[in-house]
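What you see is a predicted model; the values in this text were computed from it and never measured. So you know, we letter chains A, B, ... as the sequences are listed, proteins then strands, and number each from 1. Computation of the quantities below employed the complete heavy-atom set of this structure, encompassing side-chain atoms and omitting hydrogens, waters and symmetry-equivalent molecules.
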2 protein chains.
Amino acid sequence: MAQKPSIPKGTRDFNAEEVAKRSYIMETIKKQFQLYGFQPIETPSFENSETLMGKYGDEGDRLIFKILNSGDFMSKFSEFFILRTVRFFEANLISQIKKDILPKDDLLNDDTKASDFYEKFFKQNILKDDYNLNFKIFDENYNSLVYLSYLDNKDLAEGLFNGSDIDESFVAFEGEKKKNAFRLAEIIFSRWILKYSNRLSSIICEKALRYDLTVPFARYVVQHQNEIEFPFKRYQIQPVWRADRPQKGRFREFYQCDADVVGSKSLFQEVEFIQLYDSVFTSLKLEGVTIKINNRKILSGIAEVIDAHDKLIDFTVALDKLDKIGEEKVKDEMRSKGISEDGISKLQPLFSLQGDFGDQVGSLKSILNASEVGLKGIEELEFINTAISNLGLKTAKLQLDVTLARGLNYYTGAIFEVSAPEDVKMGSIGGGGRYDDLTSIFGKPDTSGVGISFGLGRIYLVLEELGLFPETITEATKVLFLSFGSEEAMASLEAVSKLRESGVKAEIYPDAITSGKQMKKQMTYANRRHIPFVVLVGEEELKSGMFALKNMETGAQEKLGLQELLSTLQ
Amino acid sequence: MAQKPSIPKGTRDFNAEEVAKRSYIMETIKKQFQLYGFQPIETPSFENSETLMGKYGDEGDRLIFKILNSGDFMSKFSEFFILRTVRFFEANLISQIKKDILPKDDLLNDDTKASDFYEKFFKQNILKDDYNLNFKIFDENYNSLVYLSYLDNKDLAEGLFNGSDIDESFVAFEGEKKKNAFRLAEIIFSRWILKYSNRLSSIICEKALRYDLTVPFARYVVQHQNEIEFPFKRYQIQPVWRADRPQKGRFREFYQCDADVVGSKSLFQEVEFIQLYDSVFTSLKLEGVTIKINNRKILSGIAEVIDAHDKLIDFTVALDKLDKIGEEKVKDEMRSKGISEDGISKLQPLFSLQGDFGDQVGSLKSILNASEVGLKGIEELEFINTAISNLGLKTAKLQLDVTLARGLNYYTGAIFEVSAPEDVKMGSIGGGGRYDDLTSIFGKPDTSGVGISFGLGRIYLVLEELGLFPETITEATKVLFLSFGSEEAMASLEAVSKLRESGVKAEIYPDAITSGKQMKKQMTYANRRHIPFVVLVGEEELKSGMFALKNMETGAQEKLGLQELLSTLQ
């Protein structure tokens, strides 16, 4: 049964040229990482779901690829659910709902009451079960569903719940009653699945593909803290997976490329990361990138000064448009987002932020002179800028950008973003920052870290656009031996083996030429694969022990002995 | 909420040393692949489930990791199931079951009758639906389940099916009838899930992690056949995932490392693959590996001669024990597996297979002289052996092994397996063979291929056991600058930058020393990380512009200017 082959949307196959180019970028970055003292680690492609879930916000959780448990994942759960529900009936809890919670609608609409009910009756009576309690499905939603199903299936439910006053009773059903209880439980189960299938995934998927490298890194640091020397400088280049809607330039599988240091608060780390960016892009011959820097503390300071702690993003988004829409329209936007006139007037110096790093810092100081955190941010920026000025950058430039507001959920100090040279239209090709408390989610608090990442996909596009990939990296086979017959092939293979030992990429066409047509086919093969040299070993060459070497570009042909052949091709 | 961090069973974290050693193996193999003219490709980590399922046998299917569909994967399915089932009732099919299939038990026990029923009624009446028909759930099992649920819920079903004679009628239910129909459908749904959850996975998981590199490669070849020049020599080094029970040395995520040629039947490919194995293991300094070779055609020939086509594996398993249990016991085992006395006596020459390749081939010929396919196999073996004898191997040896029977499901010609040197107890460290029809499953028939793979995990263990990893590969940072203060750090960083530019892996300890204790901490850091040199830039050095270089092994210390420092460390 033939299938028309395809791959999942948002994924890619890479051919030899693409693999070579991607690998060139990764190897260049890797080399610099190592020169800067970073050590490689690798983590598994999938982590326990609980390691990842809840770390990226609701949207992130939705985009995590979950891996189905192996074996009979579903029946285990459904059997458990149904048995548990029958026990719920047997514990006479429906009559409790009927009796105790009035008006009944409250139970369905009032979370607190439902929750109380849950606490009071359900946990006491039901959760003695030895089964994995992590399922966390028997909550107020479940109660509501049971109650609704009860109302909806009175004929079935009739007789199950006799309305007795027994509070803590537990009567095992039998016969018709048992049958009806199971039937109702089955209905409740399918309704639960219909309604709460989003919660099903955490039950039937205990593993998930990693969504980024940062959370697995944090997990790694905590798990291996006793084997690690801190400060720990690690790099990691591995694929990550996101169930994003596929679109141009956005894929469901892509590499991330991160370097981080954890366990040091020294600002020299920030300085070194700026140097690292400069070194990597210089090595890639990508000159003129802009490394933008900001500091979360400055943004906090501004928010403090204008009394708008919750409007950081609105404020930066608006300010970012200054070049495009002008001062007045930016102010209008700020007003529309609820920033006060007083606040806007305090921001006035921001609208004329100009000049070099020092001038800009001067303007910022005039705004932030009343904010302790803001001034701390300025002090950090100045330290970093002074250090970089002293050390000098090779080809990149460092630029203060107060509108830079990426990662506000986790960055606590420096924020970085790298832009491609101005003539290339491309978003950021790298970013990073300092986070003060990455590992506390896994039980290791107070471990400051700072890190940067490289956007491999975009760097690839930029290098492609600017023609910066070295030609040598895609050079595959250097010489192809044509094949005229078994004896000739054997002689060729001896030469091929010698060439390979000398480090020359050499091939022999496997099938023998028996006609002019096949000769042409082999030459075409060499041409299409951009193999620069072809060797012909025919009857004559076999006798003389010579090799006819043909330059595929010039067409020139010469006869050489083995040693000459080796030295020519090497 | 702190979690105790862990990783899924069967997966691994790799630290810097492990990454470096693994990468050394992969880079060595990669280099040889390229010298032999193989081109790299990469395929996505997950494929469409249908690309993988059914390609590895039932056991393989079970071990494929399935990825849950994103979004509301389950309710989409359950709603569809329930609606479809209600429509089933509305089409009056239960009465068809009651009326037409007698005795009723037959429907439940006789697949043919159930299948007929399905063909006749169900497809006609129901499958007009525009929904994805690939669900393939509405089959005889479904019918049985519906019927059982009907019998089990007569009170509910009563009134739904009036036993009318209408054959092709379709009456939309309303009111109480509709309610009962949905209720019964919900019961059927939950029962289906309870009973057929193994089929649920193919519905809610349309993607799956790749299980090997061969099937994705076949898919790649067919999908990209118009961009590929044949014969196509490709290599691929990527992780694969299997839900195997984790055990010592067996992991759920591991790298495969394959080289294949498709599109040529020339036996020179086999010859080159043997050379390639030899080149790789010689490059890894792993000398004395044995490359075992067999040919599927010889096994087929033997089976033909002894008239036991279905006992190939029994036969080879028994023969493989010859060294351990002796000729008589091997014969006993063959008898117990049903191989005839006549057959066993024909095999007599196999029991004295000895001597070099030529001698063994001689014995085989005496057995196989009546088998055309067997003699073809011998001819192929002889061709390969002659070529290898002429060309010579560097450190490996080639050995005929008639008991080699891996991959009998797909190999059609040569079969390879590589054993580590005899003093290392380790299973095979590589294997491969020729397959005549890999790509036909994806619609491209008659494309012969041959390939080999390297067992990275086991090669790692062998190199470790024999101490064959070069020391240099795990050498990380070469020099650490201690940090005595901000000014000193700045001077150090200038030197560090220069060192890095000269290709020296250099670091500066980020936090300043303010006490003897911290001094000790930084020295310990250098020691634990095996950093061979430490540089101290204190107040004195800052004034004089000198650097105090300490050799951590000898303890020797000297003061150097920047240029001297560079040339010493380079």
Side-chain angles (χ1 to χ4, degrees), chain A residues 2-3 5 7-8 11 13-16 19 34-35 37 39-46 48 65-68 70 72 74-75 78 186-187 189-190 193-194 197 200-201 205 207 219-220 222-223 229 231 243 253 264 266 268-269 391 442-443 476-477 489 497 500 505 507 510-511 525 528-529, chain B residues 2-3 5 7-8 11 13-16 19 34-35 37 39-46 48 65-68 70 72 74-75 78 186-187 189-190 193-194 197 200-201 205 207 219-220 222-223 229 231 243 253 264 266 268-269 391 442-443 476-477 489 497 500 505 507 510-511 525 528-529:
Chain A
Q3 305 167 335
I7 50 177
T11 67
D13 284 328
F14 296 104
N15 66 23
V19 172
Q34 290 175 359
L35 285 173
Q39 304 171 273
I41 69 161
E42 283 179 18
T43 62
S45 296
F46 48 75
N48 293 321
F65 278 115
K66 285 118 195 149
I67 297 174
L68 199 64
S70 308
D72 209 356
M74 190 69 200
S75 62
S78 52
E186 283 172 358
I187 291 172
F189 172 65
S190 57
I193 283 191
L194 283 165
S197 57
L200 191 61
S201 64
C205 299
K207 294 178 289 294
R219 192 267 310 147
Y220 181 98
V222 178
Q223 190 174 334
E229 296 304 315
E253 173 175 42
S264 165
S266 163
F268 278 109
Q269 306 296 358
L391 293 163
F442 298 113
T477 294
S497 304
R500 288 171 178 163
K505 293 172 188 166
E507 282 180 61
D511 299 297
Y525 178 81
R528 292 226 176 112
R529 288 202 36 218
Chain B
Q3 305 166 336
I7 50 177
T11 66
D13 284 327
F14 296 104
N15 65 24
V19 171
Q34 290 175 358
L35 285 172
Q39 302 171 275
I41 69 162
E42 283 179 18
T43 61
S45 296
F46 48 75
N48 292 322
F65 279 115
K66 285 115 195 153
I67 296 173
L68 200 64
S70 308
D72 209 356
M74 190 69 200
S75 63
S78 53
E186 284 172 358
I187 290 173
F189 173 65
S190 57
I193 284 194
L194 284 164
S197 57
L200 190 61
S201 65
C205 298
K207 294 178 288 296
R219 193 266 311 146
Y220 181 97
V222 178
Q223 190 174 333
E229 296 304 317
E253 173 176 41
S264 166
S266 163
F268 277 109
Q269 306 298 357
L391 293 163
F442 298 113
T477 294
S497 304
R500 288 170 180 164
K505 294 173 187 164
E507 282 180 61
D511 299 298
Y525 178 81
R528 292 226 176 114
R529 288 203 36 220

Chi angles and distances behind the side chain to side chain donor-acceptor pair (under 3.5 Å) call for A:D511, B:S264: CA-CA 7 Å; A:D511 299 297; B:S264 166; 3.1 Å; yes
Closest non-hydrogen atom pair, A:I7 against B:N48: C-ND2, 3.8 Å
Near-ring test B:F189/A:F189, centroid separation under 6.0 angstrom: no
Chain B contact via A:Q34 - which portion, at a heavy-atom distance below 4.5 Å: both
Residue among A:P44, A:C205, A:G37 with most heavy-atom pairs under 4.5 Å to chain B: A:P44
Residue part contacting chain A, namely of B:Q223, when any heavy atom lies under 4.5 Å: both
Nearest heavy-atom neighbours spanning A:Q39 and B:A16: CB-CB, 3.7 Å
Gap between atom CG of A:L200 and atom OG of B:S78 - 0.5 Å precision: 9.5 Å
Structural part of A:E229 lying under 4.5 Å from a heavy atom of chain B: both
Nearest heavy atoms of A:S70 and B:F65, plus distance in Å: OG-CE2, 4.1 Å
Backbone of A:P5 reached by a side-chain donor or acceptor of B:R219 within 3.5 Å: no
side-chain contact (heavy atoms from CB on, under 4.5 Å) partner of B:E42, chosen from A:D13, A:V19, A:N15: A:V19
Segment of A:K66 engaging chain B (4.5 angstrom heavy-atom cut-off): both
By side-chain contact (heavy atoms from CB on, under 4.5 Å) - contacts of B:T477 (at least two apart): B:E507, B:R529, B:I531
Residues in ring pair (Phe, Tyr, Trp, His ring centres under 6.0 Å) contact with A:Y525, at least two apart in sequence or another chain: A:Y509
Atom of B:I187, atom of A:E186 and distance for their closest heavy-atom approach: CG2-OE1, 3.1 Å
A:P8 versus B:K207, closest heavy-atom pair with distance: CB-CD, 3.9 Å
Largest heavy-atom contact set with chain A, pairs under 4.5 Å, which of B:P231, B:S497, B:A489: B:P231
Side chain to side chain contact (heavy atoms under 4.5 Å, CB included) assessment of B:T11 paired with A:T43: CA-CA 9 Å; B:T11 66; A:T43 62; over 6 Å; no
